[in-house]
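What follows is one structure encoded as structure tokens, with my remarks underneath.
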Amino acid sequence: MQENLHVLISMTFTCRQCGTCCMYMGDYIAIERQIGQFEFACCSVSTDTHFLASIDEDKREIFSDTTFPDQHPSACRFLRPDGNLLRCTIHRDSPVQCKFYRCVVIRVSDAAGNFLGTVTGTLALHSDDAGLRLVWGEAKKHIPESVPDAEERLGRYLLEKGYRVE
Ligand code: SF4
Ligand code: SF4
């Protein structure tokens, strides 16, 4: 490994609560019935997982305003605007795939720190940089997406090629 490679990074992901990933989840997070003032029996349709959700106590006021879901029928029924954010109002009770979802798993920069692109949770590269796209294509040939540590190994591959990843 080259000496000037930057330390492999924990690849921590911070959700900015932009709500983009929840805007088309209305068909996937289904409310089956209301069982209390702020309690719902729900189903995560893609995995047929049934769960009970109670609106987070600190979000009951914003949940009660239905202007947003009325205007955005494709959005998850539990998504609400809160200032500049779009927030999940069942953060505590949301299904596991929501809790672990990450829209970006790797941010890639060149050795000087110039941002080049991102890798999404589906291990797809989004970058206009031709060199990085080429290297990413090589990396994907060497490291199948199906291996459990694919994300870490792809990150290491980029590091070894002199990129910064975080
Ligand atoms: S996971 Fe990504 S898309 Fe979804 S709210 Fe967070 S930052 Fe936005
Ligand atoms: S339950 Fe919460 S995190 Fe999951 S799609 Fe709905 S608003 Fe988004």
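Just so it is clear, the structure is predicted and the values come from calculations on it, not from any experiment. Every number for a ligand or one of its atoms is a count from 1 in the order of the listing. Along the sequence shown, the residues carry numbers beginning at 1.
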Discussion item. Strictly distance-based, threshold 3.5 Å: is any side-chain N or O of Asp56 a donor or acceptor partner for the main-chain N or O of Lys59?
Written reply: no
Item to complete: Look at Cys98 and state whether any of its N, O or S atoms is less than 2.8 Å from atom 4 (Fe) of ligand 2.
Response: yes
Worksheet, complete the sentence: re atom 5 (S) of ligand 1, the protein heavy-atom contact at minimum distance is Gly19 N, 3.2 Å
Item to complete: Indicate if the distance from atom 2 (Fe) of ligand 2 to the nearest N, O or S atom of Cys88 falls below 2.8 Å.
Response: yes
Item to complete: Would you check if Ile31 and Cys43 make a side-chain contact, meaning some heavy-atom pair closer than 4.5 Å?
Response: no
Worksheet entry | Cationic N near anionic O, under 4.0 Å, Arg156 to Glu152 | yes
Practice prompt. For Gln97, look at atom CD and say whether over 12 heavy atoms of other residues, nucleotides or ligands are found less than 6.0 Å away.
Written response: yes
Discussion item. Which residue and atom name correspond to the protein heavy atom nearest atom 2 (Fe) of ligand 1, and how close is it?
Written reply: Cys103 SG, 2.3 Å
Item to complete: Considering only non-hydrogen protein atoms, determine which one is nearest to atom 1 (S) of ligand 2 and report residue, atom name and distance to 0.1 Å.
Response: Ile90 CD1, 3.7 Å
Worksheet item: So, Thr67 versus Arg80: side-chain donor-acceptor pair below 3.5 Å or not?
Response: no
Fill in: Residue Tyr101 vicinity, atoms of ligand 1 by number, heavy atom under 4.0 Å
1 (S)
Worksheet item: atom 4 (Fe) of ligand 1: which protein heavy atom is closest, and how many Å away?
Response: Cys21 SG, 2.2 Å
Discussion item. Give me the residue, atom name and distance of the protein heavy atom closest to atom 7 (S) of ligand 1.
Written reply: Arg16 N, 3.4 Å
Item to complete: Go through the steps for Arg102 and Glu151 under the test salt bridge (Lys or Arg N to Asp or Glu O under 4.0 Å), then give the verdict.
Response: CA-CA 12 Å; Arg102 297 177 297 161; Glu151 180 183 320; 2.9 Å; yes
Response to the item:
The protein heavy atom nearest to atom 6 (Fe) of ligand 2 is Cys76 SG, 2.3 Å
Worksheet item: How far apart are the closest heavy atoms of Tyr163 and Asp110, and which atoms are they?
Response: CD2-CA, 4.4 Å
Discussion item. Give me the nearest non-hydrogen protein atom to atom 8 (Fe) of ligand 1 as residue plus atom name, then the distance to 0.1 Å.
Written reply: Cys18 SG, 2.3 Å
